[in-house]
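Beneath this line is the structure, given in structure tokens, with notes to follow.
Remember, it's 1-based here, ligands and their atoms both numbered in the order they're listed.
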Amino acid sequence: MKIVVLTGSPHKTGTSNTLVNEFIRGAEENGHTIKRFDTPFLSIHPCIGCDHCGMNGPCVFDDDMPKILDTILESDMIVFATPIYYFVFSAQIKSAIDRFYSRNGQIQRKHLKSAFLATAWNHDEQVMSGIKKHIDILIDYLNLDNQGMILAKGYGYPGASTENKYKEEAYNLGRSL
Ligand SMILES: Cc1cc2nc3c(=O)[nH]c(=O)nc-3n(C[C@H](O)[C@H](O)[C@H](O)COP(=O)(O)O)c2cc1C
């Protein structure tokens, strides 16, 4: 498969990118091809809701997002990886997701396989409940075919005691594809 990975952390060696690296290692070992876009380091203007695209056309912003959208539409699977910021996606990756609007129907018709990786400091039950609900609705709305979710609670910094468990899960998810 061609797999596109969108990451959402400004920490290049942080927790969510650690899981991404393990996921990619497993997927590449299985012969899949990865294209990765680290949204915090790209030029991605937030959607301004002007509707110039009519949900199926060119966006008014000629930044890095058209290239990402072209790659998504050439891929078989999309992977989202984010640190939990106030119980949901980071703003950086959310800005990229909002820009799906200009190719919304095309993305839905692709019926892409998907996976989600998220890391949070806290380990209580509540910490992943908001993003879990959000992801479930996104999967349904974008017509994605969920291959797995790793919602890594209590993984707030590299080297945390939970790290090895989640790294193994991320590697196994990539390897299972
Ligand atoms: C702006 C901001 C908001 C955060 N919100 C939460 C939160 O709601 N719940 C939580 O458990 N951790 C929260 N955290 C902690 C991060 O989710 C956690 O440290 C994560 O491991 C960081 O991932 P990274 O290393 O990939 O950037 C927040 C951190 C920041 C900077």
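Hydrophobic cluster of Val60: the remaining members, joined at side-chain heavy-atom separations below 4.5 Å, are Ile48, Phe61, listed by chain and number.
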Atom pairs and distances, donor-acceptor, side-chain atoms in residues 25-32, under 3.5 Å, two or more places apart:
{"from": "Arg25", "atom 1": "NE", "to": "Glu22", "atom 2": "OE1", "distance (Å)": "3.4"}
{"from": "Arg25", "atom 1": "NH2", "to": "Glu22", "atom 2": "OE1", "distance (Å)": "2.9"}
{"from": "Glu29", "atom 1": "OE1", "to": "Tyr171", "atom 2": "OH", "distance (Å)": "2.5"}
{"from": "Glu29", "atom 1": "OE1", "to": "Arg175", "atom 2": "NE", "distance (Å)": "3.2"}
{"from": "Asn30", "atom 1": "OD1", "to": "Arg175", "atom 2": "NH1", "distance (Å)": "2.8"}
{"from": "Asn30", "atom 1": "ND2", "to": "Arg175", "atom 2": "O", "distance (Å)": "2.5"}
{"from": "Asn30", "atom 1": "ND2", "to": "Leu177", "atom 2": "O", "distance (Å)": "2.8"}
{"from": "His32", "atom 1": "ND1", "to": "Met1", "atom 2": "N", "distance (Å)": "2.9"}
{"from": "His32", "atom 1": "NE2", "to": "Leu177", "atom 2": "O", "distance (Å)": "3.1"}

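Taking 4.5 Å as the limit, every side-chain heavy atom of Thr119 sits out of range of all side-chain heavy atoms of Ile84.
Judged by the 6.0 Å distance and 45° axis criteria, Lys12 is positioned over the aromatic ring of Phe41.
Residues that satisfy the ring-ring contact (aromatic ring centres under 6.0 Å, His included) test with Tyr85, not counting sequence neighbours, are absent from this structure.
Among Asn104, Leu112, Ile137, the one residue that satisfies the side-chain contact (heavy atoms from CB on, under 4.5 Å) test with Leu142 is Asn104.
Listed by chain and number, Ser9, His11, Gly14, Thr15, Ser16, Pro83, Ile84, Tyr85, Tyr86, Phe87, Thr119, Ala120, Trp121, Asn122, Val127, Tyr155, Gly156 each place a non-hydrogen atom less than 4.0 angstrom from ligand 1.
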